[in-house]
Protein chains: 4
Amino acid sequence: MTDEPGARDRILAAAEELFARDGFDATPTSRIAERAGVPKGLVHYYFRRKPDLLTALVGRLPSDVVDPAEVVVAGDVAASLHRLVDALDRALDASAVLSHLLWREADTHPAVLAELEDRFDRLVGVIRAVVSAARPAGAPPADVDSAAQLLAAAVSHRHSVARHADDGQDAMHRELRFLAAALAAGAGA
Amino acid sequence: MTDEPGARDRILAAAEELFARDGFDATPTSRIAERAGVPKGLVHYYFRRKPDLLTALVGRLPSDVVDPAEVVVAGDVAASLHRLVDALDRALDASAVLSHLLWREADTHPAVLAELEDRFDRLVGVIRAVVSAARPAGAPPADVDSAAQLLAAAVSHRHSVARHADDGQDAMHRELRFLAAALAAGAGA
Amino acid sequence: MTDEPGARDRILAAAEELFARDGFDATPTSRIAERAGVPKGLVHYYFRRKPDLLTALVGRLPSDVVDPAEVVVAGDVAASLHRLVDALDRALDASAVLSHLLWREADTHPAVLAELEDRFDRLVGVIRAVVSAARPAGAPPADVDSAAQLLAAAVSHRHSVARHADDGQDAMHRELRFLAAALAAGAGA
Amino acid sequence: MTDEPGARDRILAAAEELFARDGFDATPTSRIAERAGVPKGLVHYYFRRKPDLLTALVGRLPSDVVDPAEVVVAGDVAASLHRLVDALDRALDASAVLSHLLWREADTHPAVLAELEDRFDRLVGVIRAVVSAARPAGAPPADVDSAAQLLAAAVSHRHSVARHADDGQDAMHRELRFLAAALAAGAGA
DNA sequence: CATGAATGAGATTTCATTCAT
DNA sequence: CATGAATGAAATCTCATTCAT
């Protein structure tokens, strides 16, 4: 009944942390071993090559999709989006380092880029689902798409580049109220 | 009367290209020298340490701001934004590798992160200026802010993560039409 | 059941020899590896940075103190010193390269300087002990101190700067006879 | 009527200082140029190869011999030696860095070693001359030789290894009083 | 005479990876 | 299964020296 994670898990946790902080290339496997408290050889015993660590990390990603049903406030797009963004913040924060790491290494690791684009698309999908559920037929699908894309980009931006900013929360809430109103007004009509 | 760029410039150009393609850490200075057609030692003659190359590259960034006056179509927010985004695309493409490089290395190079946040803020400023100029007093400032933030995030997103996608152009145009309409409708009112 | 020294020891032996012959700075770690018959990487596996080799060498120094009891001839200071100097010669020759190396690198490596001053003080102490044991109360302590300092300087000088001279042995013996007589005569009285 | 030294002299002064402080190998010619306030190329213009700097420095050494006549107190060996050592201290301190530098680089630069041994021999000669002048026929030549060797070693030691010690002055004075008394007592007879 | 850009050999150091135990 | 010594390729950086101007 040990709740100590096994060596393999400790290695992955250490890799996640260090990759996110210093980057993949700048993190020696020896430091991963050190932080995980395992001998150096064990890292390569479990993960033959260094990139295998990245692959394993991507595999551990939560599907991270918020269940639309849980945040929808029927008839109120703004409130629904508000709750959605809060839920997303919680979900993304939970895997923040990992998400960030992916975003960083996407370029040189195709598998990572694919995962990243996937995540963005899923994000768009969830937003669209929430909007539609909150006010079925409340706006033309093209508008819902646009709003979803914009909001997804904004959320994404906040969790990658702008994750150090302080006023992110407020601005974001203003933005989604704006989007909700735009949809309500049948903006693109 | 050679118009060949000097060795220093060739080194910077090579570094920009390789850093953007492979990442800072994954690019040996020897490869930079090779691509610049200079001996290895010369790279370190001009740039004592490798990060000095990054610093120099950031310093060479164009202010990359599109002049609002040149894209504004009086009375037509959608058209103005359309022209703005096209202009931004051209401007950003011109320094695409460099922009991308910044975005990637921001984490581990504070000077780069600062520059990046600066660029985003300037981007927001330009968008806001264009919207205001196109329809003075056409929408509450808070809405203009929100729209500017959203569009800036979308533009940014397209030029970083999603720069491989094909349908970016179209989606983007739909999005800015949507935003323009939202503003026109006084969406947030 | 090999009595071959391990790689680490072979590296230290090679470093000692080369540092003493050519100096610390003029000895590349690659040459140390070569002479030790190990790959270049192993030198830095055991000794992360080059100065760590110096530190390790200092740590290996024998306490190099001759046991006063073994050389004292009761009642005969000259004979005692004679035997002491011979014993010191043997002891110092055994670690000659290392001693010389220390003396040379003392300036730029504080740890080495400290060790060197320590060795000199121990040397003075041994000489004083021998003199005192040979003729207890035979001379004022201040004179014994002076004689010990002088002899220690002479021994030191011979083993550092003047170690190439041929007539060192004879001159040294004349000197210690002189010192012994001085002490016997109650010179400083 | 400029009293500013010329470039060549400034280079030598800078080299002397840096060689003495950091060692010959650890001092780049570029740093010498920098400290001398001359362009890098000029160092090699005046001194084709780096060791030429050392040779030139040795050539600039003062003969540094104290004139025996100036320190001798007729009939008083102790006082004479006292004045001699003080004079030597002043003389050696004046070229301290240079002396020290020589002593350090003697091993790998034969010309320097020769100069160093020469200096020691001259030192012995001066001491002997002073002793003899102070009390002609006061002690057997062999004893005078021994005392001179011992004192020279002590002076030397103080100006090389032990030049950081605080109590050097006092101890030294005790030692030379001791030697003078020994000679007076006809110690070695 | 004087300069500083240019050169390239080579030094230190890092590190993923292997493998005998 | 687990370990850590061993390997060697390669990276960053230094520097004496040359040479065109």
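Proteins get letters first, then strands, A, B, ... in listed order; numbering begins at 1 in each.
Here the P atom of nucleotide dT3(E) and the CG atom of L42(D) are 6 Å apart, to the nearest Å. Atom CD in E34(B) sits about 14 Å away from atom P in dG8(E), given to the nearest Å. Residue L53(A) contributes atom CG, which lies 10 Å from atom P of dA16(E) at whole-angstrom precision. F47(D) has its CZ atom 16 Å from the P atom of dT18(F), to the nearest Å. Spacing between atom CD1 of I11(D) and atom P of dA16(F) amounts to 14 Å, rounded to whole angstrom units. Rounded to an integer number of Å, the gap from F24(A) CZ to dA16(E) P is 8 Å. The separation between Y45(B) atom OH and dT12(F) atom C1' is 19 Å, rounded to whole Å. Atom CZ in R10(A) sits roughly 11 Å away from atom P in dA2(F) (whole-Å rounding).
Between the side chain of D22(C) and the backbone N or O of F19(C), no donor-acceptor pair lies under 3.5 Å. Between the side chain of K50(C) and the backbone N or O of F24(C), at least one donor-acceptor pair lies under 3.5 Å. Judged purely by atom type and a 3.5 angstrom limit, R10(C) uses its side chain to pair as donor or acceptor with the backbone of A36(C).
Once rounded to the nearest 0.5 Å, the distance linking OG1 of T27(A) with CG of D25(B) reads 8.5 Å.
Heavy-atom distances to DNA chain E give each of G41(C) and R8(B) a nearest nucleotide, and the one nearer the 5′ end belongs to R8(B). Annotation: of the two residues near DNA chain F, K40(C) and H44(B), the 5′-most nearest-nucleotide partner is K40(C).
Under the Watson-Crick or G-U wobble criterion, with both distances below 3.5 Å, dA2(E) is paired with dT21(F).
Looking at heavy atoms from C-beta onward, R119(A) lies in side-chain contact with E115(A) at the 4.5 angstrom threshold.
Look at S30(D) and you won't find any side-chain N or O under 4.0 angstrom from OP1 or OP2 of dC15(F). Look at T29(A) and you'll find a side-chain N or O under 4.0 angstrom from OP1 or OP2 of dA16(E). The phosphate of dT18(E) has OP1 or OP2 within less than 4.0 Å of a side-chain N or O from R49(A). The side chain of R31(A) contributes no N or O atom lying less than 4.0 Å from OP1 or OP2 of dT14(E).
Among the atoms of the strands shown, only primed sugar atoms or phosphate atoms (P, OP1, OP2) are found under 4.0 Å from some heavy atom of Y46(A).
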